[in-house]
Asker: 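This is the structure I have questions about; it appears just below.
What you see is a predicted model; the values in this text were computed from it and never measured.
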Amino acid sequence: MKNQSVKNNIDWISVFIYSTLVILGWLNIYSSSLLSTEGTYQKQLIFIGCTIPLIFVVLFVDGKFYEKYASIIFGVSLLSLAGLFLFGKTIAGQRCWYAIGGFTLQPSEFAKAATSLALAKYLSDTQINLKDVNRQIQALAIVFLPVMLILPQPDPGSALIYSIFIIVLYREGLPSWYVWTGFITILLFVLTLVLEPYVVIIIAAVVLAIIHFKGRVVDRNLLMSTILLAIISAFTFSVDYVFDHVFKQHHRDRFNILLGKTVDMKGIGYNTNQSEIAIGSGGWLGKGFLQGTQTKGGFVPEQHTDYIFTTVGEEWGFVGSLVVIALFVGLFLRVIYLAERQKTKFSRVYGYCVAGILFIHFFVNIAMVIGIFPTIGVPLPFFSYGGSGLWGFTILLFIFLKMDANKVNEW
């Protein structure tokens, strides 16, 4: 297979948006850590500099390499996650990093690209039909293998990201009941935390009755409706036990604050409260670059990492935040557009994985910062401080851009 000129065929629109986001991200890291003595913005500049040769390496490799060796790349990624239990460095109670000199490397950030490649490789097999239960189990196993290694670290934020692969699988033929089951399970869980279990069961019974009697006579199945209600009832009564005995205290506190059951502006809810104050204080046009009082006062902990968007809101205001959001949305839509015009199923599936991973990171991070999602430690792509995150997202995106640039040679 010939390697065509990447320069002539790479999607420069995606490259431009990526570069803009990285530059804007560094400016916000610079602003949020200017008074820090840890050299945060200098380190991030080094990380950004390292992405340049990294991009060249990714683009230099033939596009078919990623498909041919997807399984091996995935296997190496799983080994790197498993190795953390023996050789990993513990930071803030999480064993998620390898210490290399004065830097740390987080393998879960690279596992997202590896899992995307493995899933694309599996689904591109001409014999794969996701209507088949065995195929569904095998596809879901690819997704859950890294999750099972990430959760015990513990790193629920990174594990949550893998839920987006269900949407990718749905796009490729996974029965819709998987998506509906996930959505209804989350809804029931939250409702049970807010309402009494018997109230949730009554609501579920009414909804099932409406569905039963509104449906066509030939589709009515009283036994199935009864079984569903029994399953929902059992799940509902199990929520309190799971919440009290499986979730850790800080997870319970964050949910209680989010649902308004607890008010704790100085403890567990401090980060979110200060984040909302910072963003709200920015108004329409913001206070100006380097002029954020909340930012300079250090009121928002971890502002250069998970809470980096608070700097955008405070210093750039609503308009600046809207511009950043528009850039992210533009990148998502561009990747989806490119995915749809791929000539091979492997490239298309991988493209959807890229768009999905970037989107769920963006959505969860912004929702977390503005207080409509529990604080869970999910970085904002290309913005949050960290070499592993930046390199992981860069590799994820540019592997796809290489595939897209090489599509004229596909068959």
Asker: Of the non-hydrogen atoms in Pro156 and Leu151, which two are nearest, and what is the gap between them?
Answerer: CA-CD2, 4.2 Å
Asker: State, yes or no, whether a side-chain contact exists between Tyr122 and Val349 at a heavy-atom distance under 4.5 Å.
Answerer: no
Asker: Working to the nearest 0.5 Å, report the span between CZ of Phe382 and OG1 of Thr51.
Answerer: 10.0 Å
Asker: Side chain to side chain donor-acceptor pair (under 3.5 Å), that's the test. Do Tyr41 and Ser31 meet it? Break it down for me.
Answerer: CA-CA 8 Å; Tyr41 65 88; Ser31 179; over 6 Å; no
Asker: Are side-chain heavy atoms of Leu145 and Leu149 found at a separation under 4.5 Å?
Answerer: no
Asker: With a 4.5 Å limit on heavy-atom distance, are the side chains of Val15 and Phe398 in contact?
Answerer: yes
Asker: Give me the ring orientation class for Tyr350 and Phe400: parallel if the planes are under 30° apart, tilted from 30 to 60°, perpendicular past 60°.
Answerer: tilted
Asker: Report the C-alpha separation of Ile277 and Thr310 in whole Å, then their side-chain angles, then the decisive distance to 0.1 Å, and conclude whether the side-chain contact (heavy atoms from CB on, under 4.5 Å) test is met.
Answerer: CA-CA 9 Å; Ile277 292 174; Thr310 59; over 6 Å; no
Asker: Between Glu314 and Gly286, is there a donor-acceptor pair closer than 3.5 Å when you use the side chain of the first and the backbone of the second?
Answerer: no
Asker: Between CD1 of Ile150 and CD of Gln153, what distance do you get to the nearest 0.5 Å?
Answerer: 6.0 Å
Asker: Please give me the minimum heavy-atom distance between Thr311 and Ser32, naming the atom from each residue.
Answerer: OG1-CB, 3.6 Å
Asker: Checking side chain to side chain donor-acceptor pair (under 3.5 Å) for the pair Lys287/Ser281: CA distance, chi angles, key distance, verdict?
Answerer: CA-CA 8 Å; Lys287 298 176 180 176; Ser281 68; 3.2 Å; yes
Asker: I'd like to know if the side chain of Ser384 reaches the main chain of Pro379, judged simply by a donor and an acceptor atom lying under 3.5 Å from each other, with no hydrogens or angles considered.
Answerer: no
Asker: Would the distance check show the side chain of Tyr385 and the main-chain N or O of Lys43 forming a donor-acceptor pair, the cut-off being under 3.5 Å?
Answerer: no
Asker: Between Val58 and Ile399, which heavy-atom pair has the shortest distance, and what is it?
Answerer: CG1-N, 3.6 Å
Asker: Heavy-atom count check: over 12 atoms from other residues, nucleotides or ligands less than 6.0 Å from Phe332 CZ?
Answerer: yes
Asker: Assert yes or no for the condition that the ring centre distance of Tyr98 to Phe87 is strictly below 6.0 Å.
Answerer: no
Asker: Could you label the plane-to-plane angle of the Phe363 and Phe359 rings as parallel, tilted or perpendicular, counting under 30° as parallel and over 60° as perpendicular?
Answerer: parallel
Asker: So, taking the atom named NZ in Lys402 and the one named OH in Tyr66, what distance separates them when rounded to the nearest 0.5 Å?
Answerer: 7.5 Å
Asker: Which atoms form the tightest heavy-atom contact between Pro107 and Cys96, and what is the distance?
Answerer: CD-O, 3.4 Å
Asker: Quick check on the 6.0 Å ring-centre criterion: do Phe47 and Trp391 meet it?
Answerer: yes
Asker: Using 4.0 Å as the upper bound for N to carboxylate O, is an ion pair formed by Arg171 and Glu340?
Answerer: yes
Asker: Hey, what do you get for CD (Gln42) to OH (Tyr30), rounding to the nearest 0.5 Å?
Answerer: 9.0 Å
Asker: Give the intermediate values and the outcome of side-chain contact (heavy atoms from CB on, under 4.5 Å) for residues Ile366 and Phe328.
Answerer: CA-CA 12 Å; Ile366 300 298; Phe328 273 108; over 6 Å; no
Asker: Hey, what's the ring geometry for Phe235 with Phe189, parallel, tilted or perpendicular (30° and 60° as the breaks)?
Answerer: tilted
Asker: Would you say Gln44 and Leu390 make side-chain contact, with heavy atoms under 4.5 Å?
Answerer: yes
Asker: May I ask you to test the Ser163-Ile360 pair for a side-chain heavy-atom distance under 4.5 Å?
Answerer: yes
Asker: Could you tell me the separation between the CZ atom of Arg334 and the CG atom of Asp11, rounded to the nearest 0.5 Å?
Answerer: 4.0 Å
Asker: Taking atom CZ as the centre, does Phe289 end up with more than 12 heavy-atom neighbours from other residues, nucleotides or ligands that are less than 6.0 angstrom away?
Answerer: yes
Asker: Is a donor on one side and an acceptor on the other found under 3.5 Å between the side chain of Thr115 and the backbone of Lys112?
Answerer: no
Asker: Got more than 12 heavy atoms from elsewhere within 6.0 Å of CZ, Phe85?
Answerer: yes
Asker: Run the side-chain contact (heavy atoms from CB on, under 4.5 Å) test on Leu21 and Phe393 for me, step by step, so that the C-alpha distance in whole Å, both residues' side-chain angles and the decisive distance to 0.1 Å come before the verdict.
Answerer: CA-CA 12 Å; Leu21 288 172; Phe393 290 125; over 6 Å; no
Asker: Between Phe110 and Ser388, what is the shortest heavy-atom contact and its length?
Answerer: CZ-O, 3.9 Å
Asker: Give a yes or no answer on whether the side chain of Gln342 reaches the backbone of Leu338 with a donor-acceptor pair at less than 3.5 Å.
Answerer: yes
Asker: Taking the side chain as everything from C-beta on, heavy atoms only, tell me whether Leu130 gets closer than 4.5 Å to Leu123.
Answerer: yes
Asker: Would you say NZ of Lys345 has more than 12 non-hydrogen atoms from neighbouring residues, nucleotides or ligands within 6.0 angstrom?
Answerer: yes
Asker: Counting distance only, does the side-chain N/O of Asn365 pair as donor-acceptor with the main-chain N or O of Asp306 below 3.5 Å?
Answerer: yes
Asker: Kindly assign one of parallel, tilted or perpendicular to the pair Phe165 and Tyr162, based on the angle between their ring planes and the thresholds 30° and 60°.
Answerer: tilted
Asker: Can a donor-acceptor pair be found, under 3.5 Å and without considering hydrogens, that links the side chain of Glu315 to the backbone of Leu290?
Answerer: yes
Asker: Testing the 3.5 Å rule here: is there a donor-acceptor pair between the side chains of Tyr352 and Glu172?
Answerer: no
Asker: Would you say the side chain of Trp97 lies within less than 4.5 Å of the side chain of Ile91, judging by non-hydrogen atoms?
Answerer: yes
Asker: Is it true that a side-chain atom of Tyr307 and a backbone atom of Val369 form a donor plus acceptor pair closer than 3.5 Å?
Answerer: no
Asker: What about the rings of Phe60 and Phe56, do their centers lie closer together than 6.0 Å?
Answerer: no
Asker: May I ask you to decide if Gly88's main-chain N or O and Arg95's side chain share a donor-acceptor pair within less than 3.5 Å?
Answerer: yes
Asker: Is the side chain of Ser233 donor-acceptor paired with the backbone N or O of Leu229 at a distance under 3.5 Å, no angle test?
Answerer: yes
Asker: Distance check, rounded to the nearest 0.5 Å: Ile203 atom CD1 versus Tyr198 atom OH?
Answerer: 10.5 Å
Asker: How far apart are the closest heavy atoms of Leu401 and Ser14, and which atoms are they?
Answerer: CD2-CB, 3.8 Å
Asker: Using side-chain heavy atoms (C-beta onward) and a distance below 4.5 Å, is Ser108 in contact with Leu81?
Answerer: yes
Asker: Between Phe362 and Leu380, does the side-chain contact (heavy atoms from CB on, under 4.5 Å) criterion hold? Intermediate values first, please.
Answerer: CA-CA 6 Å; Phe362 163 81; Leu380 186 61; 4.0 Å; yes
